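Since the model is a prediction, treat every value here as computed from it, not as a measurement. Counting starts at 1 for both ligands and their atoms, following the listed order.
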Amino acid sequence: MAKSTDFRYNTGATKVPWPAVGENYNAHDLKEVVRFLMRGEGEAYENAFNAVAAEIDKLDKVSTPPGKLSLGPQVEAAEAACDKYLNTTGCAFVANATAGFEIAYKYANLQPGDEVIVPAITFIATIAYPLSVGAKLVFADLDPLTCNMDPKDVEKKITDKTKMIVPVHIGGYPVDMDPIMELAKKHNLIVLEDAAHAFGGEYKGKKLGTIGHFGAYSFHEVKNCTSFGEGGILTTNIDEFRPFMKKARFFGCNFDTPIKNWLYDVNAMPGKFGPFVAGNSSTTEIQGLGLRLQLERYDKILAERKAAAEYVSKRLEANDAIIPQDTKNPNALPTYHLYLLEIDPAKAGGDVQTLKKKLEEKGVTQIPHFGPLFHFDILKTFGYDQDEIAATCPVCEELFNNRFTHLPIYGLTAEQLEFMADAVLESVAEMQAGK
Ligand SMILES: *Cc1c(COP(=O)(O)O)cnc(C)c1O
């Protein structure tokens with residue numbers, strides 16, 4: 001079997017090629033991959049698997065290994081497919097959303113003392129980088145109907161130290177981006193959209209994650225779309241930075257030039273206020289393939305999520321103590337990564353903690369939901385005063401303690417969705433009856 005010589009580190013035509021710096025995979029490995037991705041047990045499974053294994057052995061005799069396993073044509077094809085889907089140019093496929101955020105944060109040359117406005121409720125990934133470099137996190141209060149950052153509160157929290165605003169489309173519901181972009185323009189701030197939940201969602205006809213100066217999606221295994229468990233896409237609207245997006249993913253190296261050049265020609269990346277050092281957030285060819293395959297059926301995935309959310313919201317309208325997830329806003333096309341369930345505690349005769357307990361007893365899983373980050377120990381460790389911050393985010397405290405939870409929505413059968421809607425309606429009725 002010929003070994004592939006089509007390798008990035010090929011140094012040119014020669015009688016003694018450098019076929020591969022690293023290793024490849026063989027038929028045995030591929031069989032294990034098949035077993036991993038298509039699991040089963042019992043005689044029927046083993047028979048079917050053995051038939052496949054025999055064919056893989058035949059394939060092994062007539063095939064060549066890919067040569068490239070990292071940052072090659074599959075990654076490029078996935079990027080092209082994403083650019084087409086998102087209506088962007090020059091997006092970069094990176095190791096995960098967090099790695100994408102880092103590039104955007106580095107572009108802003110974040111330093112100790114710089115302020116970054118983030119929503120009071122999100123996942124630690126949103127804030128890990130600014131926290132790690134000693135920038136100051138400023139928490140914006142939430143819109144009570146979406147659990148997203150409230151632009152009016154963002155405006156109040158802008159100071160002359162503010163450098164960035166980081167809206168998070170939590171659960172895949174669009175943040176009201178227009179006022180955020182206006183504030184950014186007025187105060188010369190960089191907007192990074194945490195679109196980890198929001199791949200394919202839209203705000204006023206624009207894809208979420210493509211409105212700010214940067215946007216990053218997550219293809220972690222729990223998100224709407226995955227690239228074999230990990231991955232992310234970073235987009236930018238900064239024309240001057242676009243040519244550096246892919247270089248910023250691998251130490252600033254330019255793979256378009258021969259190895260002799262790029263190996264030693266390592267460049268700093270241009271940030272907004274000065275140069276920065278790029279790290280490594282490369283992706284593999286298998287991830288590229290995985291993302292492209294998911295994209296091919298992504299419209300169907302989103303349509304199923306939407307239909308499920310519409311069903312649940314329609315059912316929950318039956319009790320006016322329940323505030324169902326909004327599915328009708330013409331300016332907001334959510335991805336329904338999570339279903340946002342809210343109640344009005346005054347009308348429901350109790351708070352969401354009681355509702356959560358009742359749902360659990362009835363066998364309805366809830367997503368252990370995103371909480372106010374300023375209550376986390378890690379923030380205390382870095383000197384944040386949680387009581388002081390909580391006082392600046394009263395809506396967030398009320399939402400978290402009394403009003404909202406997230407329900408699963410995708411992959412549920414019609415029967416499960418019906419059971420879940422029934423359980424919510426019954427639980428709230430019980431609370432109203434004082435039970
Ligand atoms: C999952 C998640 C991230 C991080 O995504 P990774 O791809 O795992 O880095 C960021 N923000 C939010 C809100 C998330 O839920």
For atom 15 (O) of ligand 1, grab the closest protein heavy atom and report residue, atom and distance to one decimal in Å.
H197 NE2, 2.6 Å
Give yes if a backbone or side-chain nitrogen or oxygen of A196 is under 3.5 Å from a nitrogen or oxygen of ligand 1, and no if not.
no
Using distance only, find each side-chain donor-acceptor pair of residues 100-107 under 3.5 Å and give its atom names and separation, not counting sequence neighbours.
residue	atom	partner	partner atom	Å
Y105	OH	T126	O	2.7
K106	NZ	V277	O	3.0

Just checking E32: does its CD atom have more than 12 heavy atoms from other residues, nucleotides or ligands closer to it than 6.0 angstrom?
yes
Drop me the distance from T226's OG1 to H220's NE2, to the nearest 0.5 angstrom.
7.5 Å
Is it true that Y217 lies under 4.0 Å from ligand 1, counting heavy atoms only?
no
Give the atoms of ligand 1, by number and element, whose distance to some non-hydrogen atom of F101 is under 4.0 Å.
10 (C)
How far is atom 4 (C) of ligand 1 from the closest protein heavy atom, and which atom is that?
A125 CB, 3.5 Å
Starting from atom 9 (O) of ligand 1, what is the nearest protein heavy atom, named by residue and atom, and what distance separates them?
T98 OG1, 2.5 Å
Only one of V133, I127, L131 forms a side chain to side chain contact (heavy atoms under 4.5 Å, CB included) with Y129, so which one is it?
V133
If you count the non-hydrogen atoms of other residues, nucleotides and ligands that lie under 6.0 Å from NZ in K362, is the total more than 12?
yes
Cation-pi geometry met for K207 and Y85 (6.0 Å, 45°)
yes
Answer side chain, backbone, both or neither: which part of S218 comes under 4.0 Å from ligand 1, heavy atoms only.
both
Is a donor on one side and an acceptor on the other found under 3.5 Å between the side chain of N280 and the backbone of F251?
no
Heavy atoms only: which of E230, H337, H220, K223 lies closest to atom 2 (C) of ligand 1?
K223
Does any N or O atom in T122 lie less than 3.5 angstrom from one in ligand 1, N or O only?
no
Under-4.0 Å heavy-atom contact with ligand 1, by part of D194 that carries it
side chain
